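Comments concern the structure below.
Nothing here was measured: the structure is a model prediction, and the numbers come from that model.
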2 protein chains.
Amino acid sequence: MEAKEKIIQSARAVFQEKGKNGARMQEIADRAEVNKALVHYYYKNKETLFQEVFKQVSVETIVPLIEILSSEMELEEKIQFFVNSYIDRLRQNPDMIAFMVGELQRNNLPFFIEERVKKLIDQFSKQLQSSDKYKVVDPVQVLTSVIAACVFPFIAKPLVSSLTDVAGESFDEYLEKRKLELPKIILDGIKK
Amino acid sequence: MEAKEKIIQSARAVFQEKGKNGARMQEIADRAEVNKALVHYYYKNKETLFQEVFKQVSVETIVPLIEILSSEMELEEKIQFFVNSYIDRLRQNPDMIAFMVGELQRNNLPFFIEERVKKLIDQFSKQLQSSDKYKVVDPVQVLTSVIAACVFPFIAKPLVSSLTDVAGESFDEYLEKRKLELPKIILDGIKK
DNA sequence: CATATGATTAACCTTTTGGTTAAGTAAAGT
DNA sequence: ACTTTACTTAACCAAAAGGTTAATCATATG
């Protein structure tokens, strides 16, 4: 791998672990096994590098989410598929979403997300209304509840872990159970 | 108000806004309208001050949550009451929960929380099993889903806002609607 | 071969930041 | 009057951190 690529990957790891302000340019250089000057050679400064990483992570966390939820899949299957695949995706990189949420407070989402959000709302609203299997519920409420339920275990892992510990269960077992039970709860919650 | 109290309050505000690493001792002093030396006079160093704030915020965010959910209230009423009061509580200090979650990645929860968690699981499990109105569902799954649904809008506010914007609704309207719809979805989701 | 170009480094510089110190003030307690 | 308590001030320090520079290396190109 060339240096430039190694640098973003290293930057990404360090930013995810330490947050924007906790990250050190030196550590990013070290982990990429290059000189600190080279980091500044490819990326003007810390801010630029961070923005690059943040954009990348935003896309990876949010785009697939929107993609699945605004697809043409049938609603029950869609919810099931989303919960399963999104939990698995987050599990592969558990730090990512926490980092994302942490930095979301002080950084704006890349603006191209907006457009896709529109598509998502439109598709999902129609889908809910068109079938008479479902109650009259606000699609935004449903959407945010589903997303919340998938994402929360990863951003509040210490709290959730202490809950699962008490219940005598591992975090992973909890996640597996969640993939089964969550779609049921949500779907029964919106069916007539 | 005496200086010491002004300092924590100021520290809390600054930590919430900028995060642990982004916060500056100088800014904390300035906002408390005291000299930086006085901050170190009362709190040994930044770490100590932060821990103080973090403990305080942990208690304020998590204790009432556990308190309500492990109370003896009847289940339907309990869920309704929790959603209503917890959303209102978070709304009063919207930065708090995001800060909490952000720092939760790199700091441990105050340990006394553990005990209360046990009580919560016990009470909630019994409650779910004892009534035959409800399906056989894992109480931990239900608990985390309810908490997630209340907390998520505040920690992912930019994303949720872009959803509500598209739907032509304000964030506050969304929250009000949530107080009504969320308990219905959850309760119908766990009823037989 | 000479040289232009991009990649890489070691050394350095500057600013920021957390933290300290020592002297001093003002008011309350004894 | 003396002392303690609460707080202030300003100057200072050392380390950390971001960033720059000038020289060097590698390789491709005229």
Side-chain angles (χ1 to χ4, degrees), chain A residues 1-58 95 98-100 102-108 110, chain B residues 1-58 95 98-100 102-108 110:
Chain A
M1 194 183 353
E2 347 88 72
K4 191 175 178 183
E5 180 59 22
K6 269 168 76 177
I7 291 169
I8 331 180
Q9 296 209 3
S10 154
R12 188 172 159 151
V14 177
F15 279 129
Q16 271 177 198
E17 275 174 43
K18 314 280 171 87
K20 179 180 181 177
N21 289 312
R24 297 292 160 244
M25 294 301 273
Q26 189 61 57
E27 190 178 352
I28 292 173
D30 290 348
R31 288 213 216 171
E33 293 175 294
V34 300
N35 189 280
K36 187 162 60 109
L38 196 66
V39 178
H40 285 91
Y41 173 78
Y42 284 120
Y43 302 93
K44 188 154 106 261
N45 52 32
K46 193 183 184 182
E47 183 62 30
T48 308
L49 182 53
F50 173 78
Q51 288 305 331
E52 197 65 29
V53 168
F54 185 68
K55 200 202 294 169
Q56 207 175 292
V57 175
S58 304
D95 287 348
F99 161 76
M100 184 67 215
E103 299 299 335
L104 203 53
Q105 308 309 316
R106 288 174 281 275
N107 299 276
N108 296 321
Chain B
M1 193 184 354
E2 349 89 72
K4 192 175 177 183
E5 180 60 22
K6 269 169 77 176
I7 291 169
I8 329 180
Q9 296 210 2
S10 154
R12 188 175 161 149
V14 176
F15 279 129
Q16 272 178 197
E17 275 175 41
K18 313 276 170 87
K20 179 181 183 176
N21 290 311
R24 297 290 160 246
M25 295 300 273
Q26 188 60 59
E27 188 177 353
I28 292 173
D30 289 348
R31 287 214 218 169
E33 294 174 295
V34 300
N35 189 280
K36 187 161 61 109
L38 196 67
V39 178
H40 285 91
Y41 174 77
Y42 283 119
Y43 302 93
K44 189 156 104 258
N45 52 32
K46 193 183 183 181
E47 185 61 30
T48 308
L49 183 53
F50 173 78
Q51 289 303 332
E52 198 65 30
V53 168
F54 185 67
K55 199 203 297 170
Q56 205 174 294
V57 174
S58 304
D95 288 348
F99 162 76
M100 184 66 215
E103 299 299 335
L104 202 52
Q105 307 310 314
R106 287 174 283 276
N107 299 277
N108 296 322

Quiz item: With a 4.0 Å cut-off, would you call B:Glu17 and A:Arg106 a salt bridge?
Solution: no
Exercise. Examine the base of D:dG18 for any acceptor or donor lying under 3.5 Å from a partner atom in the side chain of A:Lys36, and report the outcome as yes or no.
Key: yes
Self-check item: Residue pair A:Glu52 / A:Gln56, side-chain donor-acceptor N/O under 3.5 Å
Solution: no
Exercise. Quick one: label A:Ala3 by what it contacts on the DNA or RNA (base, sugar-phosphate, nothing), any heavy atom closer than 4.0 Å.
Key: sugar-phosphate
Quiz item: NA contact type, A:Asn35, heavy-atom cut-off 4.0 Å: base, sugar-phosphate, or nothing?
Solution: base
Practice problem: Would you mind reading off the distance between B:Lys46 atom NZ and C:dT17 atom C1', rounded to a whole angstrom? | Solution: 8 Å
Quiz item: If you look at every strand shown and take non-hydrogen atoms under 4.0 Å, does A:Tyr41 touch a base, only sugar-phosphate, or nothing?
Solution: base
Quiz prompt | From B:Leu49 atom CG to B:Ile7 atom CD1, the distance as rounded to the nearest 0.5 Å | solution = 8.0 Å
Self-check item: Atom pair distance, as rounded to whole Å: NE2 in A:His40 and C1' in C:dT9
Solution: 15 Å
Self-check item: Residues from residues 16-27 of chain A lying under 4.0 Å of DNA chain D - heavy atoms
Solution: A:Ala23, A:Arg24, A:Met25
Quiz item: Please give, in whole Å, the distance from D:dG19 C1' to A:Leu38 CG?
Solution: 14 Å
Quiz prompt | Interatomic distance, B:Arg12 atom CZ to B:Asp95 atom CG [nearest 0.5 angstrom] | solution = 10.5 Å
Self-check item: DNA chain C: 5'-proximal contact among A:Ala37 and A:Tyr42 (nearest heavy atom)
Solution: A:Tyr42
Exercise. May I ask you to say whether A:Glu27 pairs ionically with A:Arg31, meaning some side-chain N is under 4.0 Å from a carboxylate O?
Key: yes
Exercise. Return the value, rounded to whole Å, for the distance between atom CD1 of A:Ile28 and atom P of C:dT8.
Key: 17 Å
Quiz item: Just how far, in rounded Å, is C1' of D:dT8 from CD of B:Glu33?
Solution: 14 Å
Quiz item: Quick one: CG on A:Asn35 to OH on A:Tyr41, what's the gap to the nearest 0.5 Å?
Solution: 13.0 Å
Quiz prompt | Separation of A:Gln51 CD from A:Ser58 OG (nearest 0.5 Å) | solution = 9.0 Å
Quiz item: When the distance from CD1 of A:Ile7 to C1' of C:dT8 is rounded to whole Å, what number comes out?
Solution: 10 Å
Quiz item: Could you state the CD-C1' distance from A:Glu2 to D:dT27, rounded to the nearest angstrom?
Solution: 16 Å
